[in-house]
Amino acid sequence: MSKTNENFIKDAFTQFKLIYIPETYKRYFKLEEVVWKDVSDVFGDSKGYLEKHYPELESFFINQLGISEKPPCKDYAEVLIELSQQNERIDEANIKKVIKIYEELEWYLHSDNHTSPLSESWWLDFIKQSILWTDKNKFMPNNGSVFVNDNPEYYALFRNSSEIYFLENAGNLSSKIETLISSLKLPYLTEYVQVELVNPLTKAVHQDLTKRFKLFSVYVLRYLYKFEPKAYHKLKRQKVVKKINALEIYTVEQLLVTYSLNSIKTEPKPRKAIFCNDDGNLYVQNDCLADTDYIAVELSKFFKSQQLKSPQGLKTFLISLFDKRASDKIEKLMEVMGIGELPDDEKQAIGWEELKILQEVEIVENEELLTENSERNVKHSAAQDADHPGNVDWADVGRKWAKRFYKDFLGYKQIIKSDPGYDCLYKKNNEIEIPVGVNTRDIRSDTIQLRIEKWSYLRHISNNYELLIVIHKGNRNQPNDSVQYLIQICTQVTTLNLVFDTLNIQPQTPLPYDKVEVIMALQKAKKSLDRNDIILNWKRLILAADRNANINNAIKIYEPLSDIEFREISDKELKSLASSLFATI
């Protein structure tokens, strides 16, 4: 077809209603009144839609007549303005229309097939209008009072304020219109909420957790270089290495913070952990040290940057590092993710030599380091030392005695592996692997705690599992000399079954009728509020050993003579010990 004929046909369709569309009130339309795609969910019957009726004529309508696939971006903007100017509360159908318009505006802003509307004069007028549909069922302009809800915790704090509005986020809308949000310069809630630490009375540096994060930061920089280059280069310009070296992770007894947004400030509220922008440090409440997922999310804020395309990706990566813990496992993760070493020139540019010492830090394998009572290698402030002169980490005392007992006394070989199901792993005669759970208890306490992972491990994975109970007298001034007995429970599954079999011959509980002596129980775990710990009465284990020869062979009690020498107590001594323990129940 000649160019002349093409122009003649196009002019005819432009001037006259030559396009027939059945099932419409107009039936015949001019060229400017139709589009190819059916967008009646936004424009209703104000336009004609061709695809449904003439699918085989797509080339004719689009290529020869020049019909658009969709209405122009400005048309969507005009519909949104019309909706925002309705006085009455808009219904559910129109709310869906608003959301659809947002998604279409995102398409125009993001599409390479169209000229961006950002430079057009109508767009500048459009974004000044009340076009933001909010959670209070009201359109608002972008006047600093409307935020994108990217944090449910913060949203719950401020949603009832009459001065704060949030962009409607039905169906996780904000994640689908990120380009539109950026072009409107609409603030994200996380970026604008100020979290301020209420100064703790005492604080202590957690050396192991601090060192662990500094080592993890090496992997994070490699991750950012691979997946978030803009954020990486911004951090490089900000001398991030110096900030990493300066960061400390503090533990506090009670962590309280206030939240501020615009002129609104909350009362002090408890929090598990907080990264403080003011001093560049992380603060963690003592009984939340085991919640490494929460800690990882807070630490991700250290690398916070508007250049991050996927902040959630960085959070997930840091959580994975805490889960892997060991350097060999982390390197395997890096390999699977396709993350290599930084190029030599990048290492030089970012100051890698200053981080080199961090690569020598030993990854701590023992999960107990992150329990609520962990204070090993902690530098106390002067105020804390004055208030707590006898503070002792009994869990650490127990671990040291376990190493002396198995490695130095029994001659077992220690295996460096990590698993939440045990505290340490030894190999007997270079053949049998023996996982060991270590519990340190004051002799005045009747029970021990087993994390649910330990219980699952000993019940389903290894009958070689041993439990070592380190009993001490509670002397805080001389904790090493305070250790009185080491109770070695071998083949723990079989032993526990035998103990339960002897409940009928256990001596009568000394407690009165209205009291209950716990043999086995559940307790809500302080480290994780969504699970339980297993509680066992260890004194009843000793009483069972005194009454059953099979149990006696599986439960052995040792008295330390020195740091590396132990004496197994005799059957006669066992009876005496059982009697004395029974008297303390």
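Numbers for residues simply follow the sequence, beginning at 1.
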Plane angle bin for F213 and F302 - parallel if under 30°, tilted between 30 and 60°, otherwise perpendicular: perpendicular
Separation of I534 CD1 from T447 OG1 (nearest 0.5 Å): 12.5 Å
Test item: K269 and L157 side chains (from C-beta on) under 4.5 Å apart, heavy atoms: yes
K236, NZ atom: more than 12 neighbouring heavy atoms under 6.0 Å: yes
Atom of V146, atom of M140 and distance for their closest heavy-atom approach: CG2-CB, 3.7 Å
Nearest heavy-atom neighbours spanning D41 and K97: O-CE, 3.5 Å
Student check: side-chain heavy atoms of I181 and S174 closer than 4.5 Å: yes
Closest contact, heavy atoms only, L261 versus F147: CD1-CZ, 3.6 Å
Lys/Arg N to Asp/Glu carboxylate O, R212 vs D208, below 4.0 Å: no
Check against side chain to side chain contact (heavy atoms under 4.5 Å, CB included), L215 and Y219: CA-CA 7 Å; L215 181 59; Y219 299 108; 4.3 Å; yes
Check: N286 main-chain N/O paired with T251 side-chain donor or acceptor under 3.5 Å: no
Working for side chain to side chain contact (heavy atoms under 4.5 Å, CB included), residues N94 and Q86: CA-CA 11 Å; N94 279 329; Q86 293 183 8; 4.1 Å; yes
Residue that, paired with M334, satisfies side-chain contact (heavy atoms from CB on, under 4.5 Å) out of E331, K332, M337: E331
Side-chain donor-acceptor distances from residues 121-133 under 3.5 Å, at least two apart:
{"unit_1": "W122", "atom_1": "NE1", "unit_2": "E120", "atom_2": "OE1", "d": "2.4"}
{"unit_1": "Q129", "atom_1": "NE2", "unit_2": "D125", "atom_2": "O", "d": "3.3"}

Short side-chain to backbone donor-acceptor contact, D291 and A273, under 3.5 Å: no
Any side-chain donor near an acceptor of the partner, N169 and Y155, under 3.5 Å: no
Between CG on residue N151 and OG1 on residue T190, distance to nearest 0.5 Å: 4.5 Å
Student check: side-chain heavy atoms of K176 and E103 closer than 4.5 Å: yes
Distance under 6.0 Å and angle within 45° of ring axis: K301 vs F275: no
Least distance between heavy atoms, K272 atom then C288 atom: CG-SG, 3.6 Å
Stepwise salt bridge (charged side-chain N to carboxylate O under 4.0 Å, His left out) check, E92 with K96: CA-CA 6 Å; E92 193 67 29; K96 292 181 179 180; 5.6 Å; no
Aromatic plane relationship, H472 with W394 - under 30° parallel, 30 to 60° tilted, over 60° perpendicular: parallel
More than 12 heavy atoms from other groups under 6.0 Å of CD on Q238: yes
N245 backbone acceptor or donor facing K214 side chain under 3.5 Å: yes
Minimum heavy-atom distance K138-T134, with the two atoms named: O-OG1, 2.7 Å
Any donor-acceptor pair under 3.5 Å from E163 side chain to S145 backbone: no
Close side-chain approach of V98 to E168, heavy-atom, < 4.5 Å: no
Derivation of the side chain to side chain contact (heavy atoms under 4.5 Å, CB included) call for F139 and L80: CA-CA 10 Å; F139 280 101; L80 183 59; 4.1 Å; yes
Nearest-0.5 Å distance that lies between atom CD in E106 and atom CG in L173: 9.5 Å
Flag side-chain contact, heavy atom, 4.5 Å: I330 against F216: yes
Heavy atoms from other residues, nucleotides or ligands near NZ of K136 exceed 12 (cutoff 6.0 Å): yes
Contact check, side chains of L333 and F317, non-hydrogen atoms, under 4.5 Å: yes
Step-by-step salt bridge (charged side-chain N to carboxylate O under 4.0 Å, His left out) determination, K203 to E248: CA-CA 11 Å; K203 64 180 181 180; E248 302 278 13; over 6 Å; no
Residues, nucleotides or ligands: over 12 heavy atoms within 6.0 Å of K403 NZ: no
With sequence neighbours excluded, residues passing ring pair (Phe, Tyr, Trp, His ring centres under 6.0 Å) with Y188: none
Side-chain heavy atoms of F227 within contact of I339, under 4.5 Å: yes
Distance, nearest 0.5 Å, that separates CD1 of I177 from CD1 of I101: 12.0 Å
Evaluation steps, side chain to side chain donor-acceptor pair (under 3.5 Å), between E153 and Y259: CA-CA 11 Å; E153 178 188 1; Y259 302 85; 3.2 Å; yes
Main-chain N/O of K347 paired to D345 side chain as donor or acceptor, under 3.5 Å: no
Any donor-acceptor N/O pair, S320 side chain to T316 backbone, under 3.5 Å: yes
Side chain to side chain contact (heavy atoms under 4.5 Å, CB included) between E228 and L314, intermediate numbers included: CA-CA 9 Å; E228 302 279 1; L314 176 58; over 6 Å; no
Nearest-0.5 Å distance, CD1 of residue I274 to CD1 of residue I295: 13.5 Å
Close side-chain approach of E196 to S260, heavy-atom, < 4.5 Å: yes
Residue among V436, D423, N439, T440 satisfying side-chain contact (heavy atoms from CB on, under 4.5 Å) with L468: V436
Exercise: identify the closest heavy-atom pair between L342 and L221: CD2-O, 4.4 Å
ring-ring contact (aromatic ring centres under 6.0 Å, His included) between F158 and F166, worked out: CA-CA 9 Å; F158 296 101; F166 295 97; 7.8 Å; no
More than 12 heavy atoms from other groups under 6.0 Å of CG on D344: no
Atom pair CD1 (I81) and NZ (K74), whose distance is rounded to the nearest 0.5 Å: 9.5 Å
